[in-house]
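One structure is given here, and the rest of the page talks about it.
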Amino acid sequence: MNWLTSYTNLASAYIKINFKSLLAYRGAFISQMVAMFINDFVWIAFWCLFFTRFPVVKGWGVNDVITLWAIAASGFGLAHMIMGNALALPGIIMRGELDSWLLYPRAVLPHLLLGKSSASSWGDFLFGIVVYAIFVKPDLPHFSLFMALICSVAVLFVGFSVFTGSLAFFMGSAESVSVQLRIAMITFSTYPSPIFQGFVKILLFTLLPAMFVSHLTVSALRNMSMLDALYSFGGALGVLLAGIIMFYVGLRRYESGNLMEMRG
Amino acid sequence: MENAVSVSQLVKNFVLKKREGMRWTESEVKAVDGITLSIEKGQSVAFIGPNGAGKSTTIKMLTGILHPTSGEASVLGCVPWKERTRLAKRIGVVFGQRSQLWYHLPPRDTFELLSKIYEIKQDVFKSRRDMLIERFQLSEFLDTPVRKLSLGQRMRAEVACSLLHGPEVIFLDEPTIGLDVIARQELRDLISEWNRENGVTVFLTSHDAGDIQHVARRVIVINHGRVVLDDRVSRVRRQYLREKVLSVKYADTPESISLDGVKTLKESGHAFKFEVDTLAVPIEKVMSEIMRIGSVVDITIEDPPLEEVIAHIYSAPPTEFGDDAPDDEPDENESKSS
């Protein structure tokens with residue numbers, strides 16, 4: 001319990017300082033946020049056009065896709081506005097920048113992840129909530145479950161970024177591999193899940209766990225199914241656990257570097 | 001007296017992968033090769049050596065960043081790589097090339113964050129922060145974003161940050177790198193003052209002879225991962241930094257200088273470079289002679305570069321470094337170099 005309180009305090013201190021740091025260049029921060037909001041919105045517009053032509057795709061309607069986009073965007077946003085260094089992990093490992101984090105009396109992974117906030121992720125986070133509230137018009141139970149599922153998806157994205165980023169311990173230059181896998185994960189997470197069947201479906205529940213975003217969350221919200229929500233949480237925790245194991249196994253191989261560094 | 005740092009036969013090998021045609025071959029590079037040393041609590045030690053000698057690797061093992069290949073180490077009773085988080089609460093680390101200050105925010109915000117990271121009680125934090133602000137004269141730029149600070153101000157804040165949690169040992173890896181003469185001097189004064197008044201053990205690496213002379217009482221020289229010299233700074237200084245280089249610019253052509261122990265290294269117009277053996281002739285006498293023979297426009301006194309001293313130490317026979325000098329011999333930390 002003490003551990004949890006201590007790390008919650010640390011997380012809130014980092015959220016505060018990261019936000020302050022982003023606001024140091026207010027214009028740049030707002031423009032990145034707005035740009036990401038527009039970028040996400042273009043995709044929603046595309047899907048709306050698509051569904052005017054084909055109203056149902058394997059049982060999915062436009063509201064399902066909007067729900068999916070809202071959850072995926074907000075989950076991804078929440079993950080990286082709080083734990084922005086998850087995106088930078090392969091570079092941090094490769095350049096030997098873990099040194100600074102190993103000097104603090106904290107568990108290195110959570111501390112490192114909290115160390116940065118991604119500006120555009122704030123746009124993603126807000127986009128999901130605004131779009132879900134405006135287009136789907138949920139009641140309170142749906143909205144509450146939606147918020148909980150955002151947290152589950154955030155955990156999953158952090159776990160996945162940690163897992164792929166930790167490949168740098170074993171491969172050295174893993175930045176591009178990690179980015180490619182992350183893009184693949186986002187792509188598969190934002191398409192209606194019923195279109196994937198057979199082997200691809202198995203793949204999307206295991207190696208590229210996009211189904212925990214696209215299938216279980218939408219199904220949980222559509223049917224108010226607590227079981228699907230639990231599966232979604234379970235999957236997210238599994239991916240996070242895999243990421244943590246990968247990171248700490250890799251950390252044993254870590255060789256530090258001597259580059260110039262500055263925070264914030 | 002109790003040891004703050006004890007190291008025995010510490011070895012760190014790195015694996016180097018090379019591609020030869022279609023095949024990858026692996027070879028081992030010895031970064032640290034069996035270092036043994038101990039440092040008493042409250043001592044100030046300079047840990048020096050040329051680039052690639054193994055200084056930073058040793059510091060990284062002593063702070064728990066790296067695991068050694070073999071050997072033992074204890075810092076404040078903790079095995080650094082096994083008890084990293086416990087040790088981190090009791091040590092402070094300053095890397096001259098790495099910053100813990102937030103670039104876009106004022107130092108005050110970093111202080112606040114550090115209090116949460118180290119879980120310092122608010123009343124303790126406030127009193128310690130205020131004391132550091134006063135001692136390190138941070139008040140004038142405490143609310144200025146770090147990006148707008150001079151390097152000297154930044155390094156002062158950097159060292160203050162590393163002292164906020166009240167460490168018993170402070171590791172400083174080239175803290176004065178890139179600083180101008182005044183900023184360097186200010187930082188050296190602060191570090192040695194902290195060592196004297198608060199009893200903090202100082203473990204310093206630097207390529208600057210001035211840092212070593214001013215801050216440390218003991219110097220450990222390593223090269224190729226091994227300790228090649230471990231002695232008092234005063235003794236090493238007397239032995240190797242006895243030569244000074246004086247660059248003098250005259251208004252007109254001066255008379256020629258004729259003093260034993262003074263050698264003219266270079267002459268160009270009205271500018272001269274002399275090498276002075278301070279054991280053969282006191283520096284005051286040389287200065288008077290320089291002033292007497294002509295009208296001086298500018299003058300600089302320099303120590304020989306540390307790299308040169310290290311190279312000399314490494315090439316010198318081991319018998320030169322006996323440890324029979326009296327223990328009560330006064331340090332010569334007060335002498336300053338520019």
Side-chain angles (χ1 to χ4, degrees), chain A residues 2-3 5-26 28-29 92-93 95-112 114-117 119 170-173 248 251-264, chain B residues 12-17 31 51-52 55-57 59-61 63-67 80-81 83-106 108-110 112-119 145-147 154 158 162 165 167 171 173-174 177-178:
Chain A
N2 275 347
W3 189 91
T5 315
S6 165
Y7 277 81
T8 308
N9 287 340
L10 184 70
S12 68
Y14 265 106
I15 291 168
K16 201 171 135 191
I17 199 165
N18 273 318
F19 190 60
K20 257 184 155 178
S21 182
L22 289 171
L23 284 182
Y25 288 101
R26 201 168 302 232
F29 172 49
I92 290 173
I93 296 166
R95 288 188 291 272
E97 292 169 7
L98 276 183
D99 290 11
S100 320
W101 301 97
L102 287 164
L103 292 170
Y104 293 112
R106 291 288 184 170
V108 64
L109 183 61
H111 189 204
L112 156 76
L114 288 167
K116 198 178 174 187
S117 174
F170 305 92
M171 296 168 59
S173 174
Y248 282 103
L251 188 60
R252 291 186 200 156
R253 300 166 58 100
Y254 177 66
E255 289 176 3
S256 70
N258 284 312
L259 290 177
M260 294 279 285
E261 247 177 73
M262 201 81 203
R263 297 187 73 182
Chain B
K12 178 69 187 175
N13 298 338
F14 289 107
V15 176
L16 196 68
K17 284 184 181 175
N51 291 330
K55 304 182 298 287
S56 297
T57 306
I59 285 201
K60 284 171 187 174
M61 286 191 280
T63 50
I65 293 174
L66 290 178
H67 286 238
W81 50 92
E83 298 163 278
R84 182 185 65 77
T85 49
R86 213 177 112 208
L87 177 65
K89 285 197 174 177
R90 299 173 65 194
I91 60 167
V93 184
V94 177
F95 285 116
Q97 299 187 344
R98 287 187 177 159
S99 178
Q100 59 176 333
L101 293 164
W102 284 62
Y103 190 60
H104 299 301
L105 298 176
R108 184 187 291 279
D109 290 320
T110 304
E112 290 283 340
L113 179 69
L114 286 170
S115 77
K116 306 287 181 207
I117 294 173
Y118 286 95
E119 296 180 291
V146 171
R147 64 174 186 274
R154 187 167 77 68
E158 202 75 63
S162 70
H165 58 289
F171 292 90
D173 192 4
E174 299 183 37
I177 197 164

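Fair warning: this is a prediction, and the values are worked out from it, not measured in the lab. Proteins get letters first, then strands, A, B, ... in listed order; numbering begins at 1 in each.
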Next on the checklist: Looking only at heavy atoms and a cut-off of under 4.5 Å, which of A107(A), S12(A), P105(A) has the most pairs with chain B?
Outcome noted: P105(A)
Checklist entry - For chain B, which of I17(A), L10(A), L251(A) has the most heavy-atom pairs under 4.5 Å? => result I17(A)
Checklist outcome for this item: If one checks every heavy atom of L66(B) against chain A at 4.5 Å, the contacting part turns out to be side chain
Next on the checklist: Using heavy-atom distances under 4.5 Å, tell me whether R147(B) contacts chain A through its side chain, its backbone, both, or neither.
Outcome noted: side chain
Item to check | E119(B) versus S6(A), side-chain donor and acceptor atoms under 3.5 Å | outcome: yes
Checklist entry - Any chance NZ of K55(B) has more than 12 other-residue heavy atoms, nucleotides or ligands included, within less than 6.0 Å? => result yes
Checklist entry - Can you tell me how far CG of L103(A) sits from OG1 of T85(B), rounded to the nearest 0.5 angstrom? => result 12.5 Å
Next on the checklist: Between L22(A) and H104(B), does the side chain to side chain contact (heavy atoms under 4.5 Å, CB included) criterion hold? Intermediate values first, please.
Outcome noted: CA-CA 8 Å; L22(A) 289 171; H104(B) 299 301; over 6 Å; no
Next on the checklist: Any heavy-atom pair between the side chains of D109(B) and K20(A) that's under 4.5 Å?
Outcome noted: yes
Checklist entry - With distance as the sole test, does R98(B) use its side chain to make a donor-acceptor pair with the main-chain N or O of D99(A) at under 3.5 Å? => result no
Checklist entry - Are L114(B) and Y104(A) close enough that some pair of their side-chain heavy atoms sits under 4.5 Å apart? => result yes
Next on the checklist: Is any side-chain heavy atom of W102(B) closer than 4.5 Å to one of N18(A)?
Outcome noted: yes
Next on the checklist: I need the residue from K89(B), E112(B), H67(B) with the largest number of non-hydrogen atom pairs under 4.5 Å to chain A.
Outcome noted: K89(B)
Item to check | salt bridge (Lys or Arg N to Asp or Glu O under 4.0 Å) against E83(B), all qualifying residues, sequence neighbours excluded | outcome: R86(B)
Checklist outcome for this item: Here the gap from Y103(B) atom OH to S21(A) atom OG, rounded to the nearest 0.5 Å, amounts to 11.5 Å
Next on the checklist: Could you check whether any side-chain heavy atom of I117(B) comes within less than 4.5 Å of a side-chain heavy atom of H111(A), counting everything from C-beta outward?
Outcome noted: yes
